[in-house]
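The structure under discussion appears below in the form of structure tokens.
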Amino acid sequence: MLNRIIYGVSSKSIDIIYSIVIGIMIINYLGPEEQGRIAFINNLSLFFSFFITLGLNSIYTIICGSNNINIIKNRYGYYSGLRALGFLAFMIVMLVIIYTTKPDVVLIALPILVSKFFVSLNLYQSIVDGRGKFKEYTISQFISLVITSMIVIFCIKNNYGVIAIASTFLIKEALSFFVFYFLFDDGKYFKISFNSNKYKTIFRRSSKLMLSSIVVGLFTQIDILMIGWFISDSSAGVYSASTRLTTPLNFISVIFVAIFISSLIEKYKNRKTEYYHLISLIVSSLFSIYIVIVLFVYYFGGDFYFKIFSHQYSESLSLYYIHILGLFFIFLGGITGNHLVIIKDYDSELKKTIYAACLNIILNFIGIYYKNLEIIAISSVVSYALANFLFFITYKDRLFFKSLIKGFNPFLATSYFIEVIFKKKDI
């Protein structure tokens, strides 16, 4: 259990470190305007990423955690084939939108868009989470991100342009796929298959989760898109900087869910009381971490922020404080979303996402009207609160909501996880 925690934390920590350290280097190097263009493209591609992911990641994680290798490989083939076809639709839609609305960023966009082909083929994260392959993933990510980091630093040191920086996104995704494949897969999992009958079955069983993945972009990516379209690239860059230190922190929630997903699946099937208790322990752990983060940020304040960002991003500090306050609702997303997938309640996943998306768009338009980035930041926090907490106040599974409330005790998890780590108690 201790090894699983160590490697689980390490695998996600590598991603966090890269996202924060290299991401901040890129932000400071490009400046608000060029960073705004990169952020716009990234968010637009994430907004339309439902063409690529099709909402299948969570489903495949559950499959990997409860099936044999032959089933896992066959599903990989069907899912990757369908996602590869989705990538073609993604490219067409993205190029049309960018060419008609912001033609000046087409060349910058190309390497970022092509990188999504490797995202469409890469289902290894689901295998890692479902089967506990954290050690292998940690090694492969370390290798791929070290190489990518060296390339980014080389580009910055030699004053390469924004297109070169955009190309590093393609290099990162390609390496992430190929390094894991050649070191740990070599045909064991990867397969690509095209079968129209299987695709019909997948769509029939997972259509609501797929729809949810479409709508989710309306409250996770729409902020920067609306700022880039209706205010300016520079404002989009400022807003992007304010999220640079908060968005990667969501990996903390991802780490906890990834470590315990197999236990959650097993306990829900066989021991529901223990399942809800584990939910409370995870929430308690995340709430404790959230309190520490908030106290750290508000104690050190601007001094800490401007040791990281240049003063050309001074307008983003107030936005950063707002995002930090709402961080816990982002944390809850990994728990609530996976709970609904585990119990196969795709209706609720779709509903909560639609409600949050509508609220976010309405509040965003108010912020756009007044050209006030703080209102847009607040709308993001409120939308996450609705989707990942408020929605469950009236949810039919009362035990789940009670387990969330119980987890708001920051001391609940401490003694339990000490027992797990030092007394080798199983979770």
Side-chain angles (χ1 to χ4, degrees), residues 4-5 8-9 11-12 15 50 53-67 75 79 123-134 137 205-206 208-213 215-216 219-220 249-272 274-287 289 327-353 356 384-392 395-397 399-407 413 427:
R4 188 168 74 171
I5 291 174
V9 171
S11 66
K12 305 299 181 182
D15 291 326
F50 59 83
T53 65
L54 298 173
L56 296 173
N57 289 350
S58 297
I59 295 174
Y60 191 57
T61 298
I62 305 301
I63 291 170
C64 291
S66 56
N67 288 280
R75 291 295 181 89
Y79 288 175
L123 285 160
Y124 291 132
Q125 183 65 69
S126 293
I127 294 172
V128 168
D129 293 344
R131 299 186 73 81
K133 300 289 184 180
F134 299 116
Y137 186 74
R205 292 179 177 177
S206 310
K208 288 177 180 176
L209 198 58
M210 291 179 183
L211 285 172
S212 177
S213 71
V215 180
V216 73
F219 78 93
T220 58
L249 292 176
N250 186 39
F251 276 108
I252 295 171
S253 174
V254 175
I255 287 169
F256 274 89
V257 174
I259 290 172
F260 300 116
I261 187 67
S262 57
S263 294
L264 287 168
I265 295 168
E266 188 273 330
K267 290 181 189 301
Y268 185 78
K269 286 182 178 179
N270 304 310
R271 294 168 286 167
K272 284 190 171 58
E274 293 183 20
Y275 171 82
Y276 290 112
H277 182 59
L278 182 53
I279 291 288
S280 296
L281 291 173
I282 295 172
V283 174
S284 176
S285 301
L286 293 174
F287 191 60
I289 294 169
L327 183 61
F328 185 64
F329 296 118
I330 300 177
F331 280 177
L332 288 179
I335 300 165
T336 58
N338 277 280
H339 170 72
L340 294 176
V341 172
I342 289 172
I343 68 174
K344 295 183 171 60
D345 187 0
Y346 304 143
D347 279 336
S348 293
E349 176 66 24
L350 179 59
K351 285 178 183 176
K352 79 182 185 71
T353 306
Y384 276 114
L386 174 60
N388 298 330
F389 180 68
L390 298 176
F391 174 84
F392 294 92
Y395 184 56
K396 59 186 177 183
D397 188 349
L399 288 176
F400 178 68
F401 182 70
K402 288 178 180 177
S403 67
L404 291 181
I405 296 297
K406 186 178 178 182
I427 290 184

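Computation of the quantities below employed the complete heavy-atom set of this structure, encompassing side-chain atoms and omitting hydrogens, waters and symmetry-equivalent molecules.
F401 pairs by the ring pair (Phe, Tyr, Trp, His ring centres under 6.0 Å) definition with F389, not counting sequence neighbours. For the side chain to side chain donor-acceptor pair (under 3.5 Å) test, residues two or more places apart in sequence or in another chain that qualify with S348 are D345.
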Inset, instruction - Apply the test side-chain contact (heavy atoms from CB on, under 4.5 Å) to residues I335 and L286: give CA-CA distance (whole Å), side-chain angles for both, the deciding distance (0.1 Å), then the verdict. - result: CA-CA 10 Å; I335 300 165; L286 293 174; 3.4 Å; yes
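Remark: side-chain polar atoms of S403 are not paired, donor with acceptor, to backbone N or O of S280 under 3.5 angstrom.
Looking at I63 and Y79, their side chains come closer than 4.5 Å, going by heavy atoms from C-beta outward. A 4.5 Å side-chain heavy-atom check between T53 and Y60 finds every atom pair outside the cut-off. By the 4.5 Å heavy-atom criterion applied to side chains, K272 and L399 are not counted as neighbours. With a 4.5 Å cut-off on side-chain heavy atoms, Y346 and K344 count as touching. The closest side-chain heavy-atom distance from L340 to Y395 is below 4.5 Å. Contact of the K406 side chain with the Y276 side chain is not registered, since no non-hydrogen atoms from C-beta on lie closer than 4.5 Å. You'll find the side chain of V283 stays beyond 4.5 Å of the side chain of F331, heavy atoms only. Using a 4.5 Å heavy-atom threshold, the side chains of F329 and L390 count as separate.
Atoms CD1 and CG, from I279 and N338 in turn, are 8.5 Å apart once rounded to the nearest 0.5 Å. The CZ atom of F287 lies 12.5 Å from the CG atom of L404; values are rounded to the nearest 0.5 Å.
Scanning both residues, S126 and C64, for their nearest heavy atoms gives O-CB, 3.9 Å. Annotation for L278 and S263: closest pair CD2-CB, 4.0 Å, computed over non-hydrogen atoms.
Centroid-to-centroid, the aromatic rings of F400 and F392 come within less than 6.0 Å.
Under the 3.5 Å distance criterion, with hydrogens and angles disregarded, a donor-acceptor pair is assigned to the side chains of H339 and Y275.
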